[in-house]
Q: 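Quick one: this structure, given as structure tokens, is what I'll be asking you about.
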Amino acid sequence: QVQLVESGGGLVQPGGSLRLSCAASGPAFGSYGISWSRQAQGKERELVAGITSAGGSTNYADSVKGRFTISRDNAKNTVYLQMNSLKPEDTAAYLCNARRYYYSGNVRNDYWGQGTQVTVSS
């Protein structure tokens, strides 16, 4: 029921910055927690950052702490990932994920976007 579309990826030099956007269409966006994951060539998918439905809590992978910032604007149905001080090892396809849970803690809904490519290279 929820469609997610990522944008903002591209080619940047080491030390540069990008801001990724995840735009959602569908009902109850404010009820979903949103995360960004990345998939690099030859590596398993890695959870990069997450934000709760109300935006009151965030978490980050150790590899991006201090460099990446996740935020959301529920009025615009959009989540952002600000990426600073980019490194070649940040090169990956970045995927947006929306999840909603039952009060029991079980997953109720799980949606993924198509991904946007980030390449960090000289």
Side-chain angles (χ1 to χ4, degrees):
Q1 297 291 335
V2 174
Q3 184 180 34
L4 304 173
V5 179
E6 301 97 329
S7 62
L11 174 64
V12 297
Q13 294 184 337
S17 297
L18 285 173
R19 189 180 75 160
L20 306 183
S21 297
C22 174
S25 61
F29 177 77
S31 298
Y32 288 83
I34 307 295
S35 68
W36 287 94
S37 298
R38 64 187 181 187
Q39 181 78 59
Q41 286 283 76
K43 294 186 176 181
E44 296 182 355
R45 186 174 296 177
E46 176 189 21
L47 178 65
V48 173
I51 188 167
T52 55
S53 58
S57 182
T58 59
N59 62 83
Y60 301 91
D62 288 341
S63 59
V64 306
K65 285 181 179 177
R67 300 188 298 120
F68 291 9
T69 302
I70 188 171
S71 62
R72 69 188 295 162
D73 186 342
N74 286 350
K76 297 181 178 180
N77 283 13
T78 302
V79 174
Y80 305 96
L81 184 67
Q82 179 66 46
M83 309 165 65
N84 298 325
S85 302
L86 285 163
K87 305 174 181 179
E89 49 263 45
D90 295 319
T91 296
Y94 284 74
L95 299 160
C96 181
N97 174 233
R99 285 186 177 180
R100 184 169 61 168
Y101 297 85
Y102 293 105
Y103 286 111
S104 65
N106 294 327
V107 174
R108 181 177 181 180
N109 301 103
D110 187 6
Y111 302 102
W112 291 84
Q114 84 290 344
T116 185
Q117 179 67 36
V118 172
T119 302
V120 185
S121 176
S122 298

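Just so it is clear, the values below take in all heavy atoms, side chains as well, and ignore hydrogens, waters and symmetry mates. Residue indices begin at 1 and follow the sequence shown.
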Q: Enumerate the side chain to side chain donor-acceptor pair (under 3.5 Å) contacts for residues 44-53, please, sequence neighbours excluded, ordered by first and then second residue.
A: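 Residue pairs with at least one partner in residues 44-53: Arg38-Glu46, Glu46-Ser63.
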Q: Quick one: disulfide (SG to SG under 2.5 Å) pairs with a partner in residues 10-79, sequence neighbours left out?
A: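 Non-adjacent pairs meeting disulfide (SG to SG under 2.5 Å): Cys22-Cys96.
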Q: Connecting only ILVMFWY residues whose side-chain heavy atoms lie within less than 4.5 Å of each other, what is the rest of Leu47's hydrophobic cluster?
A: none
Q: Between Leu95 and Gly113, which heavy-atom pair has the shortest distance, and what is it?
A: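 Looking at all heavy atoms of both residues, the shortest contact is CD2-O, 3.8 Å.
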Q: Roughly how far, to the nearest 0.5 Å, is CD of Gln117 from CD of Gln39?
A: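 Interatomic distance, Gln39 CD to Gln117 CD, rounded to 0.5 Å: 10.5 Å.
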Q: Mind checking who shares a hydrophobic cluster with Tyr80, ILVMFWY linked at side-chain heavy-atom distances under 4.5 Å?
A: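 When side chains under 4.5 Å apart are linked, Tyr80 ends up in no cluster with other residues.
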Q: Under the side chain to side chain contact (heavy atoms under 4.5 Å, CB included) test, which residues partner Ala40, sequence neighbours left out?
A: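 Side chain to side chain contact (heavy atoms under 4.5 Å, CB included) check on Ala40 returns Lys43, Ala92.
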Q: Run through the side-chain heavy atoms of Ile, Leu, Val, Met, Phe, Trp and Tyr, join any pair under 4.5 Å, and report what else lands in Ile70's cluster.
A: Val2, Leu4, Val12, Leu18, Leu20, Phe29, Tyr32, Ile34, Trp36, Val48, Ile51, Tyr60, Val64, Phe68, Val79, Leu81, Met83, Leu86, Tyr94, Tyr111, Val118, Val120
Q: Salt bridge (charged side-chain N to carboxylate O under 4.0 Å, His left out): which pairs involve residues 96-120, sequence neighbours left out?
A: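 For residues 96-120: Arg99-Asp110.
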Q: side-chain contact (heavy atoms from CB on, under 4.5 Å) for Ser35 and Asn97? Distances and angles first, verdict last.
A: CA-CA 5 Å; Ser35 68; Asn97 174 233; 3.5 Å; yes
Q: Not counting sequence neighbours, which residues clear salt bridge (Lys or Arg N to Asp or Glu O under 4.0 Å) with Lys65? List them please.
A: Asp62
Q: What residues form a side-chain hydrogen bond (donor to acceptor under 3.5 Å, both in side chains) with Asn84, not counting sequence neighbours?
A: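 Applying side-chain hydrogen bond (donor to acceptor under 3.5 Å, both in side chains) to Asn84 gives Ser17, Gln82.
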Q: Checking one residue: Val5. Which other hydrophobic residues are in its cluster under the side-chain 4.5 Å linking rule?
A: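 Cluster partners of Val5: none, it stands alone.
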Q: Looking at residues at least two apart in the chain, or sitting in another chain, which of them share a side chain to side chain contact (heavy atoms under 4.5 Å, CB included) with Ser121?
A: Leu11, Thr119
Q: With disulfide (SG to SG under 2.5 Å) as the rule and sequence neighbours excluded, what pairs involving residues 40-86 come up?
A: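 Output for this query is empty, none listed.
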